[in-house]
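Counting convention: from 1, in listed order, for ligands and their atoms alike. For clarity, every value in this text was computed on a predicted model and none was experimentally measured.
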Amino acid sequence: MKASLIERGFCFGENGLTTIEAPSLRPIYWRDGVVALLDQTRLPEEEVWLELRDYRDVVEAIREMRIRGAPAIGVAGAYAVAMAASEVSEHAQDDFIGELEEAAKDIEEARPTGANLAWAVRRMMAVARNGDRPQTAVEALIAEAARIQDEDEEANRAIGRFGAELIRQGSGVLTHCNAGALATGGYGTALGVIKTAWAGGKIKQVYATETRALFQGSRLTAWELQRESISVTVLPDSAAGQLMRRGRVQAVIVGADRIAANGDVANKIGTYSLAVLAKENRLPFYVAAPTSTIDMSLPSGESIPIEERTPTEVTHAGTTRVVPERTDVFNFAFDVTPHKYVAAIVTEAGVARPPYDRQLAGAVQASGG
Ligand code: MRU
């Protein structure tokens with residue numbers, strides 16, 4: 001990957017990549033044909049911004065989880081399509097759309113479970129097909145990708161407002177994985193709710209599961225919440241039941257990678273276990289996601305494609321081997337939580353309650369999907 005190191009805590013500015021301190025945390029920026037993204041594999045030790053000039057490098061960054069979280073992957077995919085269009089426009093005047101479609105297919109296949117990547121690529125390709133010539137299409141695509149990111153942050157702020165209404169005063173709130181600004185266009189879904197409820201004085205303590213295999217909870221959620229001075233306690237995934245039984249948790253809230261029409265939710269592996277534990281302990285289990293994560297083409301979670309990742313994510317913690325060699329490993333990145341465990345799904349269109357079919361369809365329609 002062609003990438004360069006960008007100074008700590010800085011983002012894209014007028015004169016390059018190191019001049020302006022980020023106003024609010026965003027995991028990805030576009031400037032003059034370059035994508036800058038905060039390398040999430042290096043957090044929390046180092047804040048390293050990668051500067052990518054080729055859409056293939058963006059695809060690789062998505063696969064390697066340098067950028068991750070379904071909505072953020074969608075934004076990265078959109079910028080990748082704009083980059084690919086710019087490259088193709090330089091040589092393929094006659095078959096611009098045909099060549100761009102090939103690149104779009106590679107981009108769309110970078111990670112399979114999250115709905116937002118395919119959604120964003122489809123939206124970008126519709127814009128490309130509307131352009132009368134390649135150069136005008138490229139300009140329209142750059143604007144569309146930025147719009148996808150801005151709309152996502154706006155949706156998350158609305159999700160934060162709707163979701164905060166569900167949180168009771170003085171709550172301990174448990175979350176899983178990272179569903180914050182790092183995982184989205186900006187602000188966050190589940191962490192958007194937590195940030196808004198915290199600002200409103202409703203949350204006493206946030207609990208973040210470590211989230212094996214890759215520790216998105218302890219590395220990323222703790223880093224993001226600390227950055228905003230929100231009080232966070234990290235626990236091993238296996239400690240969630242004990243924490244609930246001790247009465248420290250009043251609500252569980254997570255993001256989503258894909259939501260089926262009936263309200264079944266694919267999210268980071270371990271989500272299903274938390275939902276079952278929440279039910280056993282009579283705690284509400286909430287899901288926060290933009291409508292771009294809802295896949296109305298799937299009647300249930302049964303047919304959501306679940307990504308299986310390399311065993312080394314389990315056999316190693318960082319560079320240290322923690323499993324004997326030649327041991328079989330189970331490493332599904334996501335699981336599906338049946339809708340019966342989900343007390344509410346919060347989108348930018350409001351709070352959906354069971355039965356979900358009609359309410360999710362209404363939310364998608366209200367958001368123009
Ligand atoms: O494998 P990842 O880190 O991309 O998985 C991310 C998650 O499961 C998030 O919790 C989910 O995408 C919601 S992001 C707002």
Side-chain angles (χ1 to χ4, degrees), residues 25-28 37-41 43 61-77 110-120 149 152-153 155-160 163 174-195 208-221 223-225 237 252-259 265-275 285-295 301 304-310 313-314 331-337 342 345-348:
L25 178 62
R26 278 187 164 197
I28 185 164
L37 61 84
L38 181 57
D39 185 347
Q40 298 188 30
T41 65
L43 289 171
I62 294 172
R63 285 206 192 104
E64 291 176 354
M65 292 172 69
R66 296 182 191 284
I67 184 153
R68 32 67 48 205
I73 292 169
V75 172
R111 288 194 72 195
T113 300
N116 307 61
L117 178 57
W119 170 87
Q149 181 165 18
D152 188 64
E153 178 165 347
N156 292 337
R157 290 185 186 273
I159 288 169
L174 176 71
T175 189
H176 187 54
C177 194
N178 172 272
L182 290 172
T184 61
Y187 198 62
T189 54
L191 287 197
V193 173
I194 286 172
K195 288 173 188 177
T209 55
E210 276 179 332
T211 319
R212 276 291 273 156
L214 291 178
F215 298 103
Q216 289 94 328
S218 51
R219 290 191 302 107
L220 307 178
T221 297
W223 178 84
E224 185 173 334
L225 292 180
D237 297 351
V252 181
I253 183 154
V254 299
D257 291 83
R258 193 183 293 249
I259 301 174
V265 174
N267 193 52
K268 179 53 56 188
I269 193 84
T271 302
Y272 167 59
S273 319
L274 289 177
F285 179 85
Y286 299 125
V287 173
T291 50
S292 51
T293 301
I294 301 172
D295 184 347
I304 296 177
I306 300 295
E307 177 182 5
E308 211 174 338
R309 293 185 60 86
T310 169
E313 292 180 353
V314 176
N331 191 23
F332 284 151
F334 304 95
D335 58 27
V336 175
T337 300
V342 181
I345 297 175
V346 189
T347 73
E348 71 274 27

Non-hydrogen atoms of [X] versus ligand 1: any pair closer than 4.0 Å?
X: G114; result: no
X: L214; result: no
X: E307; result: no

Test of proximity, [X] against ligand 1: N or O pairs below 3.5 Å:
X: A183; value: no
X: G69; value: yes
X: H176; value: no
X: T184; value: no
X: R111; value: yes

Does the side chain of [X] pick up a donor-acceptor pair with the side chain of [Y] at under 3.5 Å?
X: S292; Y: N116; value: yes
X: R68; Y: N178; value: yes
X: T291; Y: E348; value: yes

Record the part of [X] in heavy-atom contact with ligand 1 below 4.0 Å; permitted values are side chain, backbone, both and neither.
X: K268; value: both
X: P71; value: side chain
X: C177; value: side chain

Quick one: nearest non-hydrogen protein atom to [atom], plus distance?
atom: atom 15 (C) of ligand 1; value: T189 OG1, 3.1 Å
atom: atom 6 (C) of ligand 1; value: R68 NH2, 3.4 Å
atom: atom 11 (C) of ligand 1; value: D257 OD1, 3.2 Å
atom: atom 10 (O) of ligand 1; value: N267 OD1, 3.2 Å

Look at the side chain of [X] and the backbone N and O of [Y], then say whether any donor-acceptor pair between them is shorter than 3.5 Å.
X: Q149; Y: I28; value: yes
X: K268; Y: A333; value: yes
X: T221; Y: T175; value: no
X: N156; Y: G186; value: yes
X: K195; Y: Y187; value: yes

May I ask you to say whether [X] pairs ionically with [Y], meaning some side-chain N is under 4.0 Å from a carboxylate O?
X: D237; Y: R212; answer: no
X: R219; Y: E210; answer: no
X: E307; Y: R63; answer: no

Item to check | Per-atom contacts of ligand 1 with Q216, taking only distances under 4.0 Å to non-hydrogen atoms | outcome: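 This gives 1 (O), 2 (P), 3 (O) as the contact atoms.
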
Next on the checklist: Suppose I only count heavy atoms of M65 and a 4.0 Å limit; which atoms of ligand 1 are within that range?
Outcome noted: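 That gives atoms 1 (O), 2 (P), 3 (O) of ligand 1.
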
